[in-house]
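Some notes on the structure that comes next.
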Amino acid sequence: MAPASPASPPSASSFSSNYSITPWEVSFLDPLRQHRNALIILNQPFSFALLDRVWHASRWHACADGGANRLHDLLKVADGKDRRHLFTPDLIKGDLDSLRDDVRAYYSSQGVRIVQDEDENATDLMKCISALVDDEKTERHSVHSRWYTTAHASQQNTIVILSGLSGRLDQTVHTLSLVHKLRKTRKHTFVITDDNVAWVLDSGEHRIQVDHQLFGPTCGLLPVGVDQTILTTSGLRWNLTEHPSSFDGLVSTSNHLLPDEPVVTVKTTKPIWWTMELRPLTPC
């Protein structure tokens, strides 16, 4: 939708001159590129085409509890073939109240690390991220994904959360909340579904490289978790210039990427969610 112009826009002084420009590129859908991605699979539906892309672009793979059921069942009949042995996760972790016995037995037989964590103050997604942090700190070698090297030992992985924006509303809000909070400790955390990819843009200025073969036409800027932000954009059909955005005011949903613009820029005074529509994928 086209945003209305504000009656009295804030002045340019709303933005700090000390903001740095943060570059963004969604590269984890290209398995042919070199990556340091960590994939966490949640207990929500996803297609084989999407799984195939993000899996082969990642070097560490975890299932949050019932996410293992989703992985197992999808691969057992993918394209009429049993492909489970080609997508063996490094870890299944959570309170394991959703993990089925047959799925647990299968992945146990494949040597997958299965960790039951009954901490009631952490969700299964939080527990998987904690395991990733531990693996990064200890440079622990995985049986199935040898992604630790001396050169990369001190680097963080990009976290790719598969699903998490569909299904139960409370779980979706948890994903939004957690990624919002992670922005200070993890440089790159993305959430992807068959419909869209989304992540948090922290306060400052951002340059987003857009692959129009993968994304579009719709996009959005969502002021989740903040009272209000001031937005300035370029590269969109309906750009904003020092425009307030809040749940009590304007929310830029159903905006459009411009096909002839390879870069979208966003300047924001508060953290905001950026989302792009994902076009239909084919397996890699």
Side-chain angles (χ1 to χ4, degrees), residues 1-22 24 26 42 44 121 123 125-126 159 161 163-208 210 215-258 261 263-278:
M1 68 178 184
S5 298
S8 179
S11 67
S13 61
S14 302
F15 296 99
S16 168
S17 61
N18 294 325
Y19 283 170
S20 60
I21 299 177
T22 303
W24 294 95
V26 180
L42 303 187
Q44 295 294 338
N121 294 317
T123 64
L125 172 56
M126 294 167 67
I159 296 177
I161 301 171
S163 296
L165 297 177
S166 58
R168 281 173 40 192
L169 179 59
D170 61 330
Q171 292 181 337
T172 298
V173 171
H174 168 67
T175 301
L176 297 174
S177 171
L178 180 60
V179 176
H180 176 89
K181 289 180 284 191
L182 280 173
R183 75 189 190 280
K184 294 299 184 183
T185 56
R186 307 291 308 193
K187 291 184 177 180
H188 298 96
T189 303
F190 297 87
V191 187
I192 190 165
T193 71
D194 282 286
D195 300 309
N196 43 242
V197 61
W199 67 94
V200 174
L201 304 179
D202 207 352
S203 304
E205 189 169 352
H206 304 265
R207 288 177 53 87
I208 304 165
V210 179
F215 302 109
T218 63
C219 62
L221 287 159
L222 312 178
V224 179
V226 297
D227 55 350
Q228 177 179 279
T229 187
I230 308 298
L231 293 174
T232 296
T233 68
S234 68
L236 303 179
R237 181 176 179 183
W238 295 291
N239 282 309
L240 301 154
T241 302
E242 295 187 16
H243 202 303
S245 178
S246 70
F247 272 19
D248 285 329
L250 176 135
V251 178
S252 182
T253 62
S254 302
N255 210 322
H256 279 198
L257 302 166
L258 294 178
E261 292 286 351
V263 175
V264 170
T265 67
V266 177
K267 185 184 287 187
T268 178
T269 58
K270 296 283 184 67
I272 194 164
W273 274 86
W274 164 255
T275 179
M276 296 187 292
E277 181 180 3
L278 181 63

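Keep in mind that the numbers below use all heavy atoms, side chains included, and drop hydrogens, waters and symmetry copies.
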Whether Thr193 side chain and Asn196 backbone form a donor-acceptor pair below 3.5 Å: yes

Spacing of Ser234 atom OG and Arg207 atom CZ [to the nearest 0.5 Å]: 8.0 Å

Stepwise side-chain contact (heavy atoms from CB on, under 4.5 Å) test for Ser245 and Leu221: CA-CA 9 Å; Ser245 178; Leu221 287 159; 6.0 Å; no

Distance-only polar pair, side chains of Thr269 and Thr229, donor-acceptor under 3.5 Å: yes

Derivation and outcome, side-chain contact (heavy atoms from CB on, under 4.5 Å), residues Ile272 and Val226: CA-CA 8 Å; Ile272 194 164; Val226 297; over 6 Å; no

Test item: Lys184 and Asp202 side chains (from C-beta on) under 4.5 Å apart, heavy atoms: yes

From CA spacing to verdict: side-chain contact (heavy atoms from CB on, under 4.5 Å), Met126, Leu178: CA-CA 8 Å; Met126 294 167 67; Leu178 180 60; 3.8 Å; yes

Asn239 backbone acceptor or donor facing His243 side chain under 3.5 Å: no

Heavy-atom closest pair, residues Pro271 and Val200: CB-CG1, 4.1 Å

Distance-minimising heavy-atom pair for Val197 and Phe215: CG1-CE2, 3.4 Å

4.5 Å side-chain heavy-atom contact, Phe190 and Val179: no

Nearest-0.5 Å distance that lies between atom OG1 in Thr123 and atom CG in Leu42: 8.5 Å

side-chain contact (heavy atoms from CB on, under 4.5 Å) between Glu205 and Thr22, intermediate numbers included: CA-CA 6 Å; Glu205 189 169 352; Thr22 303; over 6 Å; no

Residue pair Val251 / Leu222, side-chain heavy-atom distance below 4.5 Å: yes

Minimal non-hydrogen separation, Leu240 against Ser252, with atom names: CD1-CB, 4.3 Å

Least distance between heavy atoms, Arg183 atom then His180 atom: NH1-O, 2.6 Å

Short side-chain to backbone donor-acceptor contact, Thr232 and Glu242, under 3.5 Å: yes

Distance, nearest 0.5 Å, that separates CE of Met276 from CD1 of Ile208: 6.5 Å

Minimum-distance pair of heavy atoms, taken over all atoms of Trp199 and Thr189: CB-O, 3.4 Å

Gap separating the CG atom of Leu236 from the NE2 atom of His256, nearest 0.5 angstrom: 10.5 Å

Atom pair NE2 (His206) and CD1 (Ile21), whose distance is rounded to the nearest 0.5 Å: 10.0 Å

Trp24 and Trp274: CA distance, side-chain angles, deciding distance, ring-ring contact (aromatic ring centres under 6.0 Å, His included) verdict: CA-CA 11 Å; Trp24 294 95; Trp274 164 255; over 10 Å; no

Atom pair OG1/CD1 of Thr175 and Ile161 - distance to nearest 0.5 Å: 6.0 Å

Qualifying salt bridge (charged side-chain N to carboxylate O under 4.0 Å, His left out) pairs, either residue in residues 220-229, two or more places apart: Asp227-Lys270

Side-chain donor/acceptor of Glu277 to backbone N/O of Thr218, under 3.5 Å: yes

